[in-house]
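Reviewing the structure listed below.
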Amino acid sequence: MNRSTATIAQSAAKTKKSSYFRSRWNAPLAGYLFISPWLIGFLALTAYPLFLSLYYSFTDYTLMQPVEWTGTRNYERIFTADPKFIQSAKVTFMYVLASVPLKLIAALFVAMILSRAVKGIGFYRTAIYFPSLIGGSIGVSLLWRNIFGVDGIFNKLIGVFGIEGKGWITSPDTALSTLILLTVWQFGSTMVIFLAGLKQIPNDLYEASSVDGANKITQFFRITLPMLSPILYFNLIMAVIGSFQMFTSAFVITNGGPMNSTFVYAMYLYERAFSRYELGYASALAWIMLVAIVAATVLISYTSKYWVFYETDTGGKKRK
Amino acid sequence: MLKWKRSLTVLAMTALLGTMAACAGGGTNNNAESTAEPADTNNAATAEPSSEPVKLRIMWWGSQPRHEATLAALDLYTKNNPNVTFEPEYSGMDGYLDKLSTQAAANNAPDIVQLDPGWMPDWMSRNQLTELAPEVDVSKFDSKLLAGGQLDGKQYAVPLGSVAFGMVYDKAAMDKLGIANPANGWTWDDFFALAKESKAKLPSGQYFTLDYAGNYFMYSAYQYAKGKGQVITDDGHFNVDQAAYLEWTKKFEELRKEGLVPPADVNASDKENDPQMDLMAAGKVLFRYSFSNNLGTWDSIKPGAYALVTMPRAEEAGGWLKPSMYLSVTKNSKHAEEAKKFINWFVNDQEAAKILQTFRGLPANKEISTSLEASISDLDKVGLELLRATEKDGQTWSAGAGGWTNFIDKDWALVRDQLSFGKVTPEKAFEQLKEAAQSYEK
């Protein structure tokens, strides 16, 4: 008897479950249909190539030759016998470590200036935002090459002050800095987000603190920065992800040179994939980069609870 | 505030439009291809002379005179064959192979491509090209030049011309400075002696030659002249002669110390044939290597200033004759038939030859080169002179082993920079090259 009741109960549960699923499915079906253009695009153009490249990373896939499964050989070779991997990873880390903080500082600084009411502010905002619209393009890279070349405008400018310039993009010790400068210059979108964040900070906080005698610097560190920290957090992650993938300017302006001083990771990946057609090996490199980016993001998220302040948190209450 | 919002909207719209334009561009391309496809299969089935509209993509590198001549030839072909139009993609040499390789990897290479002889082994062995017979007639071609485009007895590429590897010098500047002109048949000893001699006469900011210490082609010429053979053997082995390499790099180390070659950052900024970035065009160096057909390009920058001379020699000749470049049809071409017909016209037709002249070297088609020599311009005569002077006992050119392109383009270039910036000793440079070569050895 026991057994039969159990079966009945089970089947009842089953019917309930399936109708539950049907209703769960039916209701949002229209929703899925509406997002289907995006969904199909995502599956076909992002998800599928993504996992295909994971598969290729375990093969010796070269163009025009049958694919053969080689297990972890690509990864072993990368980590044990590839000096270019280490070199390009080093350059990329240097680039990320330098360009991200500089870009955030520049963006925040300009955002703070622009958040005040100044005459003609609309023009300044647009003008300052503009470089980040065209920033990733080949044209700007070519422009950069001409500005910082041996006979570039920059050298002519400092020549006026009697300083003798050099080939900034053709010297190994300054080439990377020149590229970092280009990245920092493109702080527009970061700046716009900061600007929105600054507008959200209630004015009474500043008024109250100035009544209590806080000066501008104290206000910045005690009010502006904490209130802005969620925005900072977002911008930090976006900037880190973006700069890990840096490619265009290194490719166009310096082509990785001189002396591989700007040979960033994405360029090495490109060389393996499209000059040597070793797509399996390049896929493995790409996945290592993905893991590195994820690790960096997780690390930032983990530390965020120590420095990101949300307004819903009650002040003074200790958070875990 | 409102203003700002509005301008943001405008910016967002611009960005959106940009994306849409990009999408639309892709879309129309696809349409064109998909409508052309059935027409093509029809042709193949009925084998009738095609009159369906065909658009051929063709890609080459070169300088302005070559671009103009090629475009004129394409126009003429379209005039004679109204159904065939072209989508030309042309540029300088800088970044050409990168672009082409990327397109090829995406199965999107142009129908017709111009290839450097040095790339041929790779492209043929990777099966990226289509056999040209029987549409392309190569019966009048120099067999030595044909060989570079053959694999297993099949012709995959047709040579466009023959050029000599020599040097170009700024004759006008040298006459002005009172530096003696070199003569054909001069030696490497003469070359370095002339450098030393010019030291007192060169004003600051002007140099004798480029820093060739780490230049692959110049070192190859030196090793040949020393009788030590190829830098990379035909069967794919690293064959840099240590003694010759150290001699060469140390001689340039001296030139560097004496300021006879540009400082490293200036040297690295050089881009050959770029009117602004070429150091020779900018009047900063007196000598650089050149192929015999390039005098026209130099001359278009500064008319009458430049002259050619043979590559210096030692025990053996330093220079060689080589096919200037090849023309091929790529494997994924949807209009291979039409493309081959066009190539046949491009290399065999007298009218085409008149337009193309010698911008790709002295044509490899003997009949055409003979008829051209009769009506050749003064400028081309100088190039021809270098060609004849090099021909006598020049080195035998070979396409070399496949699979080393990246070594020459990337690994050799790294050592070149390190030498030029004085970061490695010649001894260390040699060790580094030898080590890097290991992953390319057959």
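Chain letters run A, B, ... following the sequence lines, proteins first and then strands; every chain starts at 1.
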Completion exercise
Most contact-rich option vs chain A, by heavy-atom pairs under 4.5 angstrom, among B/L414, B/V266, B/D122, is B/L414
Handout entry: A/S88 side chain to A/Y268 backbone, donor-acceptor under 3.5 Å
Key = no
Practice task
Quick one: which of A/E271, A/K84, A/R145, A/K166 has the most heavy-atom pairs under 4.5 Å with chain B, could you say?
Solution key: A/E271
Exercise for the section: Heavy-atom distances under 4.5 Å only: say whether B/K331 touches chain A with side chain, backbone, both or neither. Expected result: neither
Practice task
Can you tell which part of A/F263 gets under 4.5 Å to a heavy atom of chain B, answering side chain, backbone, both or neither?
Solution key: neither
Practice task
Examine A/F85 together with A/F79 and report whether their ring centres are nearer than 6.0 Å.
Solution key: yes
Practice task
Evaluate the side-chain proximity of B/T130 to B/T330: yes if any heavy-atom separation is below 4.5 Å, no if none is.
Solution key: no
Fill in the blank from the handout: So, the part of A/F123 with a heavy atom under 4.5 Å from chain B: the answer is neither
Exercise for the section: Check A/T62, A/D82, A/T70 against A/Y281 for a side-chain hydrogen bond (donor to acceptor under 3.5 Å, both in side chains) and give me the one that passes. Expected result: A/D82
Handout entry: Sub-6.0 Å ring centroid separation between B/W61 and B/Y90
Key = no
Problem - Proximal component of B/D98, with respect to chain A [non-hydrogen, under 4.5 Å] - result: both
